[in-house]
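Excluded from the calculations below are hydrogen atoms, water molecules and symmetry mates; all remaining heavy atoms, backbone and side chain alike, are included. So you know, we letter chains A, B, ... as the sequences are listed, proteins then strands, and number each from 1.
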Number of protein chains: 2
Amino acid sequence: MTVVTARERLLAAAVEAFAEKGFAATTTRDIASRAGMSPAAVYVHHDSKESLLYTVSLDGHRHALEIIEGAAASSDEPVERLRAMVRSFSRWHADNSRVGRIVQYEYHALSPEHRAEVAVLRRRIEQTMRDALTDGVERGAFAIDDVPGTAFAVLSLGIDLVRWFEPGGSQSGERLADLHAELAVKMTRA
Amino acid sequence: MTVVTARERLLAAAVEAFAEKGFAATTTRDIASRAGMSPAAVYVHHDSKESLLYTVSLDGHRHALEIIEGAAASSDEPVERLRAMVRSFSRWHADNSRVGRIVQYEYHALSPEHRAEVAVLRRRIEQTMRDALTDGVERGAFAIDDVPGTAFAVLSLGIDLVRWFEPGGSQSGERLADLHAELAVKMTRA
DNA sequence: CTGCATGCTAAGCAAGCGCTTAGCGCAGTT
DNA sequence: AACTGCGCTAAGCGCTTGCTTAGCATGCAG
């Protein structure tokens, strides 16, 4: 039986609130009441409202990086590897669209120090995709003029989905991820 | 010689502030000081902070719709038409990235009434793209399994660029738009 | 039964918020 | 010179914000 600590309940409440209303429009009282606690309880378990965002954002970035690096290591064949990377990246954003929205859209609300720390993970995500595309071009599997631009475009498919995707909606995250993977393959095909 | 009214200066200041910090994190005092006026001046020329957002957002949505509908009417040939639509849509977002950021990311901050009004324009943008793809499929120019999903994906290229694009940065909006147009053609090619 | 640490809350503070009110300064008219 | 209307501001109101402080209830050790 898993123990859900008060700290974790507050984090889960913060994820819901930040994803729904944005960081700036969320009050600490809102977070506390979603967690079924008094406003002061937030500060028993967390340093500040921004540190709640930092915790959620850092954890989300780590997961996203893990997902795409894992997919990058899943195959040596450029096309199959790209398919796996895009599918799992988009799938993660669909399955975790609330965290994804915070990761992507509340990045600027982090303190400068925390933003710098998270920026390192963001650059690694982008670099992982660029490396996969470059390798595919060198091995003749891809025909790409602008590797950085294409890397951004391919990642955009997954990232932009958190703007409108609703879990439990009409769209299945799995089908959407498959579509994105096929589109990415078509974009890069030699 | 163009006359820049106080009302317009306040709108321009609001665009800068909303794009930089988000609607909720922007204060009316910030908008006023960017326009070189006192805090009360905002309310001489506009009803509320939300009505500033509404004005900017509605105008931005109208422009974006105009751009994509214009491109859709520019050619009858499916591939050339898609190229024109994606190029001009992405180009508009690059050239107007601050307004574009407000259009795309502050949509939820509108009042329910204003959001509903703007939603009509959003749906027309999406429908214009779906129509162009459907027509291309029917005429054998495109091979697309999931037209709505592909329409979203193609529009995502332009939309997601406002998240990171900086005017005057290393990337040229024109080149980026050309890249997106070519990627869209590859995504849909029969 | 007492003492004490733990986990939470009631109450509230200083600061900042959106917005209002009352009125000033300065054109243009007579 | 006196008047009038317009464009703007000084001042501040009522409220909410993030966060703090002091203290209460509960459970466990002795």
Quiz item: So A:Arg163 and A:Asp160, salt bridge (charged side-chain N to carboxylate O under 4.0 Å, His left out) or not? Walk me through it.
Solution: CA-CA 6 Å; A:Arg163 196 172 43 86; A:Asp160 191 56; 2.8 Å; yes
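- Every residue two or more places apart in sequence or in another chain that forms a side-chain contact (heavy atoms from CB on, under 4.5 Å) with A:Ala153 is listed here: B:Leu157, B:Leu183.
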Self-check item: Worked verdict on A:Arg123 versus A:Glu117 for salt bridge (charged side-chain N to carboxylate O under 4.0 Å, His left out)
Solution: CA-CA 11 Å; A:Arg123 263 179 260 122; A:Glu117 197 175 330; over 6 Å; no
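- Remark: P of D:dC6 and NE2 of B:His45 are 13 Å apart, rounded to the nearest angstrom.
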Contacts table for residues 125-133 of chain A: side-chain donor-acceptor under 3.5 angstrom, sequence neighbours left out:
{"unit_1": "A:Gln127", "atom_1": "OE1", "unit_2": "A:Arg130", "atom_2": "NH2", "d": "3.0"}
{"unit_1": "A:Gln127", "atom_1": "NE2", "unit_2": "A:Asp131", "atom_2": "OD1", "d": "2.8"}
{"unit_1": "A:Thr128", "atom_1": "OG1", "unit_2": "A:Arg124", "atom_2": "O", "d": "2.6"}

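- The stretch residues 26-38 of chain A comes close to DNA chain C through A:Arg29, A:Met37, A:Ser38, each having a heavy atom under 4.0 Å from the strand.
- With rounding to whole Å, A:Tyr43 atom OH is found 6 Å from D:dG18 atom P.
- Of the residues in residues 9-16 of chain B, not one comes within less than 4.0 Å of DNA chain D through any heavy atom.
- In this structure the side chain of A:Val162 never reaches within 4.5 angstrom of the side chain of A:Val103, judged on heavy atoms.
- Here ring pair (Phe, Tyr, Trp, His ring centres under 6.0 Å) pairs that include residues 128-163 of chain B, with residues two or more places apart or in two chains, are A:Trp164-B:Phe152.
- On the nucleic acid side, DNA chain C contacts chain A at distances under 4.0 Å to non-hydrogen atoms, with the end points of that region at C:dC8 to C:dG12.
- Both A:Ala41 and B:Phe23 sit near DNA chain C, but only A:Ala41 has its closest nucleotide nearer the 5' end.
- A ring pair (Phe, Tyr, Trp, His ring centres under 6.0 Å) check over residues 22-46 of chain B, counting only residues at least two apart or in different chains, returns the pairs B:Phe18-B:Phe23.
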Exercise. Report the C-alpha distance between A:Asp30 and A:Lys21 in whole Å, list the side-chain angles of each, state the deciding distance to 0.1 Å, and finish with yes or no for salt bridge (charged side-chain N to carboxylate O under 4.0 Å, His left out).
Key: CA-CA 11 Å; A:Asp30 184 18; A:Lys21 313 165 56 162; 3.3 Å; yes
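- Legend: residues meeting salt bridge (charged side-chain N to carboxylate O under 4.0 Å, His left out) with A:Glu80, ordered by chain and number and at least two apart, are A:Arg83.
- Residues meeting the side chain to side chain donor-acceptor pair (under 3.5 Å) test with A:Arg139, sequence neighbours left out: A:Asp135.
- Residue pairs meeting the ring pair (Phe, Tyr, Trp, His ring centres under 6.0 Å) criterion with at least one member in residues 93-130 of chain A, sequence neighbours excluded, are A:Tyr54-A:His114, A:Phe89-A:His93, A:Tyr105-B:Tyr105.
- Sorted by first then second residue, the ring pair (Phe, Tyr, Trp, His ring centres under 6.0 Å) pairs that include residues 167-190 of chain A, not counting sequence neighbours, number zero.
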Self-check item: Derivation of the salt bridge (charged side-chain N to carboxylate O under 4.0 Å, His left out) call for B:Arg101 and B:Glu166
Solution: CA-CA 11 Å; B:Arg101 207 172 295 168; B:Glu166 283 300 322; 3.8 Å; yes
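- Shown for residues 48-57 of chain B: residues whose heavy atoms fall under 4.0 angstrom of DNA chain C, namely B:Ser48, B:Lys49.
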